Visitor: 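Got a structure here, written out as structure tokens. Questions coming.
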Amino acid sequence: MLRLHRNFLIAAALAMCALPFLYAALGAAKPFAAWRWMDIVGEGGTALMAGVWLLITLSSRPGGLVTRLLAGGLAAIMLGCWADCMDEFFRIPKDEVWDNWLEGLMPLGMLVLTAGMYYWRQEQFSLNEHLQKRERLFRDHRAFDRITQLAGAGYLRSQLRLERENHPGRSCALVLLDIDGFHRINREHGQREGDRALQAVGHMLLLNLRNEDLLCRYAGDRFAILMPGTGAQEARASAAHLCAMVGQMRHHGSQGVIAISLRHACAAAEGEAEELLARLGREIDKSTPPPSEMALDAGQRAVAA
């Protein structure tokens with residue numbers, strides 16, 4: 001990562017090396033007895049630590065506004081403290097303004113660093129908001145599904161149990177989603193395209209869920225969503241919205257746009273997990289269109305294509 005900031009590091013190193021020569025050329029060396037070791041250690045140590053922090057920052061971040069502000073502030077603090085340390089070795093006339101400007105780099109660097117930390121804080125808020133949608137998985141170090149990078153049915157069952165144990169009086173809903181005619185996508189476009197469709201649906205669902213909702217790949221082409229603090233009626237509205245968002249996707253396959261639609265079933269997350277999931281699965285199976293309608297729908301899509 002440091003290679004990305006090579007020019008900045010070279011410039012900072014050259015400036016650090018140039019300062020002793022500048023003070024030696026424009027000032028008068030102080031006798032050894034006049035050196036104040038506490039000031040030398042404090043000011044020089046601060047410059048050294050600012051340099052270490054600068055290296056750590058640049059070795060762990062890509063380029064960008066936040067990186068420039070953090071690195072610029074630390075570099076200014078380092079140079080300002082180093083210039084202040086040079087005053088302990090060389091006597092500079094009081095009327096020399098350049099010395100004061102160099103020492104003034106330290107408060108300027110603190111101001112720039114503060115601005116960088118503010119934008120870094122905003123950056124972290126944005127990242128955390130995105131990661132919170134999978135926070136339960138990261139916290140438990142769960143293995144992800146190879147295709148969708150979501151947890152599976154076993155993790156969903158454990159979270160259902162924990163939700164009831166930890167929040168017995170709070171409403172909670174479970175939504176089961178099924179990709180309509182997923183076997184057709186695998187048959188007509190291949191398993192690889194089917195995997196891409198699963199990934200696309202998973203991403204779309206994540207984008208439209210709350211941070212506290214838990215999305216899992218339940219089985220095959222079915223997804224399950226645990227919605228803490230949500231009633232059954234509100235969950236139905238959310239499920240309908242999710243189905244509408246997925247239905248509006250333009251998923252491009254190797255042979256053109258692939259139409260993807262979802263069916264859903266939802267209920268309050270009460271009772272045994274196995275019984276609840278089985279009941280939702282039966283509700284989805286009942287909503288499957290009869291073969292004649294599926295054939296008609298496939299023919300309409302062929303005509304539209």
Side-chain angles (χ1 to χ4, degrees), residues 129-140 142 144-145 147-183 197-249 259-290 293-294 297:
E129 183 178 357
H130 177 72
L131 293 178
Q132 277 176 359
K133 293 185 178 181
R134 297 182 180 180
E135 184 269 338
R136 299 189 192 194
L137 305 180
F138 293 129
R139 181 178 58 206
D140 290 349
R142 300 292 300 186
F144 295 105
D145 173 59
I147 298 173
T148 62
Q149 298 298 298
L150 300 171
Y155 187 68
L156 174 66
R157 295 187 186 98
S158 67
Q159 290 300 310
L160 275 167
R161 184 183 68 256
L162 289 175
E163 185 66 29
R164 288 195 298 267
E165 293 175 357
N166 297 334
H167 307 283
R170 185 171 69 170
S171 59
C172 182
L174 180 65
V175 175
L176 197 62
L177 299 166
D178 180 89
I179 300 180
D180 189 16
F182 182 70
H183 62 282
L198 287 172
Q199 293 171 353
V201 171
H203 291 161
M204 179 59 72
L205 294 176
L206 275 175
L207 289 172
N208 287 274
L209 289 175
R210 302 173 304 170
N211 292 336
E212 58 267 29
D213 295 336
L214 174 65
L215 175 65
C216 297
R217 185 186 178 190
Y218 175 60
D221 60 340
R222 290 189 173 178
F223 296 85
I225 307 172
L226 184 63
M227 296 183 169
T230 304
Q233 184 175 356
E234 185 181 353
R236 291 189 186 93
S238 298
H241 170 75
L242 293 171
C243 292
M245 291 297 99
V246 171
Q248 293 176 12
M249 288 195 317
I260 300 178
S261 60
L262 296 181
R263 292 170 292 150
H264 71 274
C266 55
E270 300 173 349
E272 292 297 325
E274 291 293 343
E275 181 181 348
L276 175 61
L277 288 166
R279 176 160 55 87
L280 292 177
R282 289 192 297 269
E283 289 183 20
I284 285 184
D285 292 337
K286 290 179 182 178
S287 66
T288 302
E293 292 184 15
M294 294 178 65
D297 184 55

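Keep in mind the model is a prediction, meaning the values are calculated, not measured.
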Visitor: With rounding to the nearest 0.5 angstrom, report the CG to OH distance, Leu214 to Tyr155.
Guide: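 The CG atom of Leu214 sits 6.0 Å away from the OH atom of Tyr155.
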Visitor: Would you please name every residue forming a salt bridge (charged side-chain N to carboxylate O under 4.0 Å, His left out) with Glu274, sequence neighbours left out?
Guide: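 Once residues adjacent in sequence are excluded, the partners of Glu274 under the salt bridge (charged side-chain N to carboxylate O under 4.0 Å, His left out) criterion are Arg157.
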Visitor: Starting at CG of Leu177, measure out to CD1 of Ile284 and round the result to the nearest 0.5 Å.
Guide: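 Output value for this atom pair is 6.5 Å.
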Visitor: Taking the side chain as every heavy atom from C-beta outward, state whether Ile225 and Cys216 have any atom pair closer than 4.5 Å.
Guide: no
Visitor: Does any part of the side chain of Phe223, heavy atoms only, come nearer than 4.5 Å to the side chain of Leu262, both counted from C-beta?
Guide: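 No. Closest side-chain heavy atoms not under 4.5 Å.
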Visitor: Is any side-chain heavy atom of Met227 closer than 4.5 Å to one of Ser238?
Guide: yes
Visitor: Just by modelled atom types, is the Gly271 backbone N or O under 3.5 Å from a matching donor or acceptor in the Arg164 side chain?
Guide: yes
Visitor: Please give me the minimum heavy-atom distance between Ala235 and Cys266, naming the atom from each residue.
Guide: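 Heavy atoms of Ala235 and Cys266 come nearest at C-SG, 4.2 Å.
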Visitor: If you apply the rule side-chain contact (heavy atoms from CB on, under 4.5 Å), what do you find for Leu162 with Glu165, and how did you get there?
Guide: CA-CA 5 Å; Leu162 289 175; Glu165 293 175 357; 3.9 Å; yes
Visitor: For a quick test of reading the model, state the closest non-hydrogen atom pair linking Gly281 to Leu176 and the distance between them.
Guide: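 Closest approach of Gly281 to Leu176, heavy atoms only: N-CD2, 3.7 Å.
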Visitor: Which atoms form the tightest heavy-atom contact between Leu160 and Ala273, and what is the distance?
Guide: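 Here Leu160 and Ala273 meet closest at CD1-CB, 3.8 Å.
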Visitor: A side-chain contact here means heavy atoms from C-beta on lying under 4.5 Å apart; do Leu277 and Leu174 qualify?
Guide: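 In short, these two side chains touch, coming nearer than 4.5 Å.
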Visitor: Taking CD in Glu275 as the centre, count heavy atoms belonging to other residues, nucleotides or ligands within less than 6.0 Å. Is the count above 12?
Guide: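 No - once you tally the heavy atoms of other residues, nucleotides and ligands closer than 6.0 Å, there are 12 at most.
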Visitor: Go through the side-chain N and O atoms of Arg210 and Thr230 and say whether any donor and acceptor fall under 3.5 Å apart.
Guide: yes
Visitor: Grab the two heavy atoms, one from Ala232 and one from Ala268, that are nearest each other, plus how far apart they are.
Guide: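 Looks like CB-N, 4.2 Å.
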Visitor: Calculate, to the nearest 0.5 Å, the distance between atoms NE2 and CG belonging to His264 and Asp178 respectively.
Guide: 12.0 Å
Visitor: Within a strict 4.5 Å, meaning less than it, do heavy atoms of the Gln149 and Gln199 side chains meet?
Guide: no
Visitor: How many angstroms lie between atom CZ of Arg161 and atom CG of Asn166, to the nearest 0.5 angstrom?
Guide: 10.0 Å
Visitor: Glu163 and Cys172: which non-hydrogen atoms are nearest, and at how many Å?
Guide: CG-SG, 3.7 Å
Visitor: Measure the spacing between CZ of Arg222 and CG of Leu198 and express it to the nearest 0.5 Å.
Guide: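 Spacing of CZ (Arg222) from CG (Leu198) equals 13.0 Å.
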Visitor: Out of Val201, Thr148, Leu156, which one pairs with Arg217 under the side chain to side chain contact (heavy atoms under 4.5 Å, CB included) rule?
Guide: Thr148
Visitor: Can you tell me how far CG of Leu226 sits from CG of Leu215, rounded to the nearest 0.5 angstrom?
Guide: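 Separation between the atoms: 10.5 Å.
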Visitor: Give the minimum heavy-atom separation between Glu283 and Ala265, together with the two atoms involved.
Guide: OE1-CB, 3.6 Å
